[in-house]
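A, B, ... follow the sequence lines: proteins, then strands. Residue 1 opens every chain.
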Number of protein chains: 2
Amino acid sequence: MAISSADERRASARSAYLMSMASCPTHRVLDRLGDRWVSLILKELADGPRRHGELARVIAGATQKMLTQTLRALQRDGLVARSVTDSVPPRVEYRLTPLGESLLPVMAMVAEWAERHIGDINTARATYDSALSG
Amino acid sequence: MAISSADERRASARSAYLMSMASCPTHRVLDRLGDRWVSLILKELADGPRRHGELARVIAGATQKMLTQTLRALQRDGLVARSVTDSVPPRVEYRLTPLGESLLPVMAMVAEWAERHIGDINTARATYDSALSG
DNA sequence: CCGTATCCACCATGATACTG
DNA sequence: CAGTATCATGGTGGATACGG
């Protein structure tokens, strides 16, 4: 079948993005940290190992699918380790790896900035929004 | 019309997520920084003001729509200021606000961590992936 | 030059049901 | 208890054309 030029352009835009993603570590890391549940999971695991079910309870908004999926991604990137105690019922525990722990100071700095400036952001938004309607 | 319980559960999951988003500054900030083009734009603007067209050229993968949309979001959050010189053709310039500049050290820390550890991440991925096929 | 509106494809996520 | 498979859908982003 013929490949339309629209498809080609679409593909080229996508690959340009993917290449930039692949080549920029910062971009890749922020992409991962920006995933919906990552910061919540990291925050939980910062306090110590957690069972799957514990995470599921604490991170109530996430479906089991998303929880497992996100944990797999973190595990694949070497930030989280998964260990299974083979019993009935099975006991699956997740913990930060040393690499994952090395990320905590970074997360802490982001958190500190966020908490210090979230008020400014809210103010800016209110100003911006009211400027539109006013 | 009747609202099915599936719809209710869907809505409740969504709102649970949105509430957690609304209440957690860190989550909100990471969500913004995780947006496709934000880190690239901030990186550009860190060097000084840029015209719209300059940004479009440097950030080649982004469509004009996404560029404008992302800049608007940053402007709304008070991280970026937009100034128009009303001439023909119009000249639109974007620059970091003080708030935006206060974010640069945070970005720098993320970048430093990313560059230092991207090799570890790649190694972890290779190990993980080969463990699946092997 | 800069921005917006429209249309549409894709994919990330959620619901759900099922396995060990 | 933990994980997987399948299906549906809504939102995100891309292409495109037009307006100021």
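Two residues are said to be in side-chain contact when any heavy atoms from C-beta on lie closer than 4.5 Å; A:Gln64 and A:His52 meet this criterion.
With distances taken from any side-chain atom of A:Lys65 to the nucleotides D:dG14, D:dA5, D:dA2, the minimum falls on D:dA5. Among C:dC2, D:dT4, C:dG20, the nucleotide with an atom closest to any side-chain atom of B:Val92 is C:dC2. Side-chain proximity of A:Arg72 to the nucleotides D:dG3, C:dG14, D:dA15 is greatest for D:dG3. Minimum atom distance to the side chain of B:Trp37 is reached by D:dG14, of the listed D:dT4, C:dG3, D:dG14.
Regarding A:Asp86, its CG atom lies at a distance of 16 Å from the P atom of D:dC1, rounded to whole Å. Between the NE2 atom of B:His52 and the C1' atom of C:dC1 there is a distance of 8 Å, given to the nearest Å. Here C:dT19 presents its C1' atom at 12 Å from CD of A:Gln64, a figure rounded to the nearest Å. Look at CG on A:Leu55: it is 14 Å from C1' on D:dG3, rounded to the nearest Å. Atom CG in B:Leu67 sits roughly 16 Å away from atom C1' in D:dA15 (whole-Å rounding). At whole-Å resolution of the value, CG in A:Asp35 and P in C:dC11 are 16 Å apart. Atom-to-atom, CD of B:Gln75 to C1' of C:dG3 comes out at 12 Å; the value is rounded to the nearest Å. The CD atom of A:Glu93 sits 14 Å away from the C1' atom of D:dC1 (whole-angstrom rounding).
Using the six-membered ring where Trp is involved, A:His27 and B:Trp37 have ring planes that are perpendicular, over 60° apart on the 30 and 60° scheme.
Taking 4.0 angstrom as the limit, A:Tyr94 places a side-chain polar atom (N or O) nearer than this to OP1 or OP2 of D:dG3. An OP1 or OP2 oxygen of D:dG11 is reached within less than 4.0 angstrom by no side-chain nitrogen or oxygen of A:Arg36. The phosphate of C:dT13 (OP1 or OP2) has a side-chain N or O of A:Gln69 nearer than 4.0 angstrom. Within the 4.0 Å cut-off from OP1 or OP2 of D:dA15, not a single side-chain nitrogen or oxygen of B:Thr63 is found. Within the 4.0 Å cut-off from OP1 or OP2 of C:dG3, at least one side-chain nitrogen or oxygen of B:Arg82 is found. In terms of phosphate contacts, A:Arg51 brings a side-chain nitrogen or oxygen within less than 4.0 Å of OP1 or OP2 of D:dA2.
We find that B:Asp31 and B:Arg28 are not joined by a salt bridge, their nearest charged nitrogen and carboxylate oxygen being 4.0 Å or further apart.
Heavy atoms only, all atoms of each residue included: A:Leu30 and B:Ser39 are closest at CD1-CB, 3.7 Å. Between B:Leu99 and A:Ile121 the shortest heavy-atom distance is CD2-CG1, 4.2 Å.
The 5' end of DNA chain D is approached more closely, in terms of each residue's nearest nucleotide, by A:Pro89 than by the other of B:Met66 and A:Pro89.
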